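Since the structure comes first, as C-alpha cells, the remarks are kept for the end.
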Amino acid sequence: MAGTPEEHADKKNIGIKINHLDLTVPEGITILEAAHKAGVKIPTLCHLDLHDIKMVNKTASCRVCMVELVDSKNNRNKIVPACVTKVSEGMEILTSSLRAITTRRMSVELLLSNHPNECFTCPKNRECELQALAAELGIREIRWEGERMDYPKDLSSGAIVKDSNKCIYCRRCETMCNEVQTCGILSGIGRGFDAHVGPAFNIPMVESSCTYCGQCVQVCPTAALTEVNHTDKVWEALNDPDKHVIVQTAPAIRVTIGEMFNMEPGTIVTGKLVTALKRMGFNTVFDTDFGADLTIMEEAAELIYRLNNNKTLPMLTSCCPAWVKFIEHQFPELLDIPSTCKSPHIMFGTIIKTYYAEKNGIDPDNIVIVSVMPCIAKKAETKRPELTKDEHNNVDIVVTTRELGLMIKEAGLDFESLPDSEYDKPLGETTGASVIFGTTGGVIEAAIRTAYEWITGGELKKVEFEQLRGAAGLRKATVQVGDKTLRIGIASGLGNARTLLEEIRDGKAEYEAIEIMACPGGCIAGGGQPYHHGNFEIVKKRQEAIYQEDRNKKIRKSHENSEILKLYKEYIGEPFNDTAHRLLHTHYEERERI
Amino acid sequence: MVEISNNKKLLRIALRNCGLLNPEDIFEYIALGGYESLGKAITQMTQDQVIDEIKKSGLRGRGGGGFPTGLKWELTKKQKSQEKFIICNADEGDPGAFMDRSILEGDPHSVLEAMAIGGYAIGARKGLIYIRAEYPLAIARLSTALQQAGENGLLGENIFGTDFSFDIYLKYGAGAFVCGEETALINSCEGKRGEPNYKPPYPVEEGYWGYPTCVNNVETFANIAPIITKGAQWFASLGTEKCKGTKVFALVGKIKNVGVIEVPMGTTLREIIYDIGGGIPGGRKFKAVQTGGPSGGVIGEANLDTPMDYDSLISIGSMMGSGGMIIMDETDNMVKIAKFYLEFTMDESCGRCTPCRIGTKRLYEILNKITSRKGTMADLDALKQLAYMVKDGSLCGLGQTAPNPVISTMKYFWDEYLAFIKDVDHPRGEGRYTAKNKIGIRS
Ligand SMILES: Cc1cc2nc3c(=O)[nH]c(=O)nc-3n(C[C@H](O)[C@H](O)[C@H](O)COP(=O)(O)O)c2cc1C
Ligand code: SF4
Ligand code: SF4
Ligand code: FES
C-alpha cells in the first residue's frame with residue numbers, strides 16, 4: 001500500500017486532517033496512503049500498487065476512491081481521487097461526506113449498469129473486485145440502466161479469454177502489458193462508451209504478439225481477462241475407462257494451491273496435493289520436478305558443449321513458453337541463443353509417452369497427460385505444431401493452479417484435512433534443484449549445481465548460490481566454476497528480459513548463461529496462480545516456501561537423481577546426444593511483431 | 001468568414017489585422033508593425049520583464065479556463081529543465097466555434113510572433129501548434145507564414161541577431177474535442193492515445209515528453225504582441241476589474257448578424273445579441289443563449305444583463321468557454337437542446353473515466369426517454385442526481401462540464417421538462433422535484 005519506509009525517510013512531515021482528525025504524515029504520499037496510516041479505508045478499484053515489480057496503476061479512471069477536499073476559503077469543496085492526489089500542508093479531507101459517498105457510489109452503480117451482472121456463472125465469482133466492492137459499498141439498487149457493451153468473447157488464443165463486456169476500463173492490464181512486460185499488446189481502443197481494452201485494431205488475440213504470460217489476467221479486477229478453462233476436458237478423460245490419465249504438477253503449484261483453500265500463503269502442501277489428485281481418479285500422479293531434473297541434465301550438457309566448442313553464448317534457459325514466444329516476436333535475431341531444450345513438462349510428457357509407455361505396455365494413444373501449471377502460456381505451448389506431431393504429442397491438457405483448485409472443490413475434497421501421500425514411482429524421484437525452478441533464479445542455480453560438478457569433476461559442497469537469488473527483476477552475478485568464471489544474468493518480467501536482451505544484442509554486456517522468466521518473480525507469480533489481488537507479500541512468501549522445500553530435499557542436484565540416471569542408462573544414453581535431441585529438444589521460429 | 005464591423009461596441013485587438021492584410025504575405029504584417037514586439041521583447045527586455053508585462057496586463061487565457069497568462073509563463077520559466085516547450089492550442093472543437101480559425105486564417109503571423117515571445121519568456125527553443133486537420137486553409141496559411149518567417153530570420157537561429165533561437169512545428173489533430181484539453185493534446189502530440197491525464201502534474205511541470213510545457217490558446221497568443229508594443233497599462237485599462245481586454249465570440253443560431261465579433265470584456269449579453277447581433281430574426285422572441293459550447297450552460301432572458309467575463313458567467317451556471325455563442329428563440333425546445341449537447345459530449349468523451357464514459361451515456365438515455373414522452377418524475381430525479389455526480393466525479397474538464405447544459409436547462413426551463421413528463425404530480429411552475437433517495441440529492 002504505502003511506499004517503503006526508506007522512500008519516505010528523507011521527506012518532511014506535514015500536518016493534514018482526515019475526517020477532522022489531525023495527522024502528521026510524510027509529504028508526497030497520496031491521500032489513500034495517508035488514510036491507510038490513519039486506519040481509514042478508502043475503497044479503490046483501478047488503483048493497483050505493485051511497487052515490488054515497479055508497477056503502479058495511476059490511471060485514476062474508476063473514480064471509486066473519491067474523497068472531498070475542504071476549501072473553506074473559496075467555500076468550494078472539491079471531489080478528488082484519493083489514489084493519485086498527493087497530500088499537502090493543511091489539507092482537510094473528508095472520506096465519508098455525503099458528496100464523497102455519493103460520487104463513489106455513482107461510479108460503482110454506473111459500472112454495474114454496464115456490466116453483464118452474471119456473477120453466478122462468472123469465472124471470477126467471489127474473486128471479482130467489482131463484486132466485492134458492490135458488497136462493501138452496500139449497493140442495493142442500480143439507479144441508471146441502459147445500453148450495455150456487447151462484444152463477442154475472444155477465445156482465439158486457446159489460452160487467454162478476453163471478455164470485453166466485463167471490462168471496467170481500469171487499464172491495469174495495459175499498464176502491466178506495456179510498462180512491466182513491454183509487449184504493448186493490450187491498450188485502450190474505441191472512444192466514449194465504446195472504450196475498452198484490446199490489441200491494436202481489435203484483432204483477435206491469437207494474431208497479436210501476445211506471449212500469453214497472463215500477467216494481465218493476474219491483475220484484471222473482473223473476468224474481462226481470464227484463462228481458457230480446460231477442466232471439463234480433464235473430467236471427461238478421468239471418466240473415460242479407456243484412458244490412462246497421468247497428471248504432473250509443476251514445482252510452483254505445491255506452494256500456492258493451498259491459497260485456493262484459504263491456507264496461509266507459502267504453506268507447502270505437496271503431500272495433500274498428491275492425495276487430492278489420486279482421489280480425483282488420476283491413474284498416475286507425477287511431479288514435473290522430474291522433468292525439471294531432466295531439463296537440467298540437458299541444459300547443463302548444452303552449456304558445457306557451448307562453452308567447450310566456442311558456440312553461441314550466452315545460453316538462455318528455455319523453460320518458459322511465454323518468454324520463448326517473446327523472443328520469437330521481439331528478438332528474432334537472437335534465436336540462436338536460447339537453449340534448445342523443451343520445457344520440463346513437455347520433456348516429461350515425451351518421456352511418458354515413449355519410455356514409460358513402452359515400459360508399462362500402455363498404448364501412448366491411450367495416455368492423456370494433464371499438466372497442472374502456474375502458467376497460462378503453457379496452454380498455448382502444448383498446441384505448438386512442433387510439439388504436437390507424432391511421438392512428440394507431448395502434453396494433452398494444461399490446467400492452471402486455479403483451475404485445479406476449483407476441480408478439487410468440485411470433487412468435494414476437504415483439501416486442508418487431506419493426509420499426505422507421495423508421487424508415483426518410477427519417475428517419481430525428484431531433487432531440490434528441480435523444486436527451485438518455481439522461482440526466479442532457480443533454473444540457473446539448478447543448472448550450475450550440475451554444471452559445476454561436471455566441469456570440475458569435484459563435489460559441490462554448498463549448493464546454495466546466494467548471488468543468484470533475490471527479488472530484483474534484473475540481477476547479475478558471477479559464479480566461479482573451477483578455472484572458469486561464469487557471468488550470469490537473471491531476468492524476471494519481460495521488460496527486464498528486454499533490457500537484458502538489448503544489452504546482449506548491442507554487445508554492451510557479455511554473459512555465459514542467462515535465465516529468463518516471463519512473470520515478475522517467476523512461476524510462483526505466474527498468470528495461472530491464485531490471484532494475489534495486488535498483495536505482493538504473498539508472492540514473497542511463496543518464494544520462501546520454494547527455498548524451504550529445496551532445503552527439505554535429501555538430493556539437491558539433478559544429476560544425482562537415480563531415476564534420471566536410470567532413464568539415461570536404459571533409454572537415452574548420454575545427455576545431449578542424438579536421442580536426447582530427438583526427444584527432448586526443439587526449435588524456434590521467427591514471428592511477426594504486431 | 002463573416003465579420004461584423006462598423007459597430008462602436010466592437011473593439012479589435014486579437015482580430016486587429018483580420019481582413020485588413022493578406023495573410024499570405026509577411027511583409028503586409030510587418031508593414032502594420034508586425035514582429036516589432038518580438039524585436040522589442042528579445043532585444044530590449046529580459047525574460048522576466050516580458051512576463052511581468054503580461055502579468056500586469058491582466059491577460060487571462062482565452063481557451064476557456066481564464067488562467068492568468070503571465071502567471072502560467074512565470075510558472076513555466078521557474079521550472080528547472082534543459083528543455084521547455086510552448087504549445088499553441090488550435091484544436092477548437094466546440095460545435096459552432098470558429099474564432100481561432102478566423103485568427104489563424106486571417107492573421108497567422110500574430111500567433112507565430114506571440115509564440116516566439118512566449119518561448120523567449122519561458123526559455124523554450126521549440127514551439128508546437130496543435131491544429132485540427134479539418135482546418136486545411138488555416139494549415140496552409142500557417143505553413144506559408146512559418147516558411148516566410150523562417151526565410152526572413154524571424155524564426156530559426158539567432159533571431160534579431162540575439163542568441164535566442166526558436167522554431168515552430170505543426171502537429172495535426174484528428175478533430176477530437178477532448179484533444180483540446182491540454183494534457184490530452186500533449187498525449188496526442190506525442191503520438192499517444194488522445195486522452196487526458198490526471199492533473200497534477202500540470203503541463204507547466206511535466207508536459208510534452210515530460211518537459212515543462214506552456215499551453216496557450218490561439219486567441220490568447222493573438223493578444224500578446226499588442227500588449228508588448230502598447231504596454232500593459234493600455235490593455236489593463238480595457239475590460240472589467242478582473243477581466244482585462246477583449247473577447248472574441250462567434251455568434252450563431254437564431255440571430256440576424258451571424259459572425260465573429262470582438263468586444264471588451266464586460267459587455268453584456270443584451271448588448272451583444274441586440275446591439276451587435278441585431279436581435280432575433282423573423283420577429284420571434286429570444287429564449288436563451290448558450291455560451292461555452294457543450295461545456296457551458298444556457299442563459300435566459302433574466303440574465304441577459306450579465307457582463308461577459310469568466311466569473312460572472314460561472315456564477316450564473318455557464319462559462320465563457322472559448323467563445324462560441326449560440327442564440328435560441330422561442331421555437332427551440334430546451335430539453336432537446338440539452339440532449340443535443342449531451343449527445344455531443346457523450347460522443348466526444350475519451351472514455352477513460354467511469355462518470356463520463358458511462359454517465360454521459362446514461363444522461364443521454366434519460367433525456368431521450370424524456371423527449372420521447374416516456375419519462376417519469378423519477379427519471380427527472382435520476383437525471384439531476386447523475387448530472388451533479390458526473391460533474392463531481394469526472395477526471396477532466398470535458399466530463400466535469402458535460403452536465404452543465406442539463407443542469408442549467410433544468411434550472412431555468414423546468415417547465416419544459418415537466419411538459420414531457422407523463423406522471424407530473426405538481427402543477428406547472430411549482431418547479432422542485434421530489435426524490436426518493438436521500439443520497440445524491442442536492443438542491
Ligand atoms: C474538453 C476540453 C476541450 C478543450 N478544448 C480547447 C480548445 O479547443 N482550444 C483551447 O485553446 N483550449 C481548449 N481547452 C482548454 C485547454 O485545456 C487549456 O486550458 C488551454 O488551451 C490553455 O490555454 P489558455 O490558458 O491560453 O486559455 C479545452 C479544455 C477541455 C477540458
Ligand atoms: S481487461 Fe481487466 S484489467 Fe484490463 S482494463 Fe478491462 S477490467 Fe481493467
Ligand atoms: S471526463 Fe470524459 S473526456 Fe475527460 S477523462 Fe473522463 S472520460 Fe475522458
Ligand atoms: S481507485 Fe482511484 S480512481 Fe480508481
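Here is the naming used below: chain letters follow the sequence lines, and residue numbers restart at 1 for every chain. Because the structure is a prediction, the values reported are computed rather than measured.
- Atoms OG1 and CG, from B:T354 and A:N114 in turn, are 10.0 Å apart once rounded to the nearest 0.5 Å.
- Sparse packing is recorded around CD of B:E241, with 12 or fewer heavy atoms of other residues, nucleotides or ligands lying under 6.0 Å away.
- To the nearest 0.5 Å, atom NE2 of residue A:H115 and atom CD1 of residue B:I358 are 10.5 Å apart.
- In this structure, chain B has no heavy atom under 4.5 Å from any part of A:K86.
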Salt bridge (charged side-chain N to carboxylate O under 4.0 Å, His left out) between A:R171 and B:E195: does it pass, once the steps are laid out?
-> CA-CA 13 Å; A:R171 320 277 283 276; B:E195 63 178 17; 2.9 Å; yes
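- Inspection of the A:S61 and B:Y198 side chains reveals no N or O donor paired with an N or O acceptor under 3.5 Å.
- Contacts with chain A were tallied for B:P200, B:C356, B:C353; B:C353 has the most, counting heavy-atom pairs under 4.5 Å.
- In this structure, the side chains of A:W144 and B:M389 come closer than 4.5 Å at one or more pairs of heavy atoms.
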Any chance you could lay out the side-chain contact (heavy atoms from CB on, under 4.5 Å) test for B:Q385 and A:T102, step after step, and finish with the verdict?
-> CA-CA 9 Å; B:Q385 288 177 30; A:T102 308; over 6 Å; no
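- Shortest non-hydrogen contact noted between A:S107 and B:P355 is OG-CG, 4.2 Å.
- When the candidates A:L110, A:I79, A:V84 are compared by the number of heavy-atom contacts under 4.5 Å with chain B, A:L110 comes out ahead.
- Proximity to chain A (any heavy atom under 4.5 Å) is shown, for B:L363, by neither the backbone nor the side chain.
- Sparse packing is recorded around OH of B:Y211, with 12 or fewer heavy atoms of other residues, nucleotides or ligands lying under 6.0 Å away.
- The heavy-atom pair separating B:E365 from A:G146 by the smallest distance is OE1-CA, 3.3 Å.
- Note: A:G192 leads A:G192, A:C62, A:S113 in heavy-atom pairs under 4.5 Å with chain B.
- Interface remark: B:T345 contributes no atoms to any contact with chain A (heavy atom separation under 4.5 Å).
- Interface residue B:R193: only side-chain heavy atoms are found under 4.5 Å from chain A.
- Residue B:K199 qualifies as enclosed at atom NZ: its count of foreign heavy atoms under 6.0 Å is above 12.
- Remark: the backbone N or O of B:S394 is paired with a side-chain donor or acceptor of A:R63 at under 3.5 angstrom.
- Ion pairing between a basic and an acidic side chain is recognised when a charged N comes within 4.0 Å of a carboxylate O; A:E147 and B:R362 show no such pairing.
- Residues B:R357 and A:D194 fail the side-chain proximity criterion, which asks for heavy atoms closer than 4.5 Å.
- With values rounded to the nearest 0.5 angstrom, A:E109 atom CD is found 9.5 Å from B:L386 atom CG.
- Between B:D392 and A:M66, the closest side-chain pair of non-hydrogen atoms is not below 4.5 Å.
- With a 4.5 Å cut-off on non-hydrogen atoms, A:S187 does not touch chain B at all.
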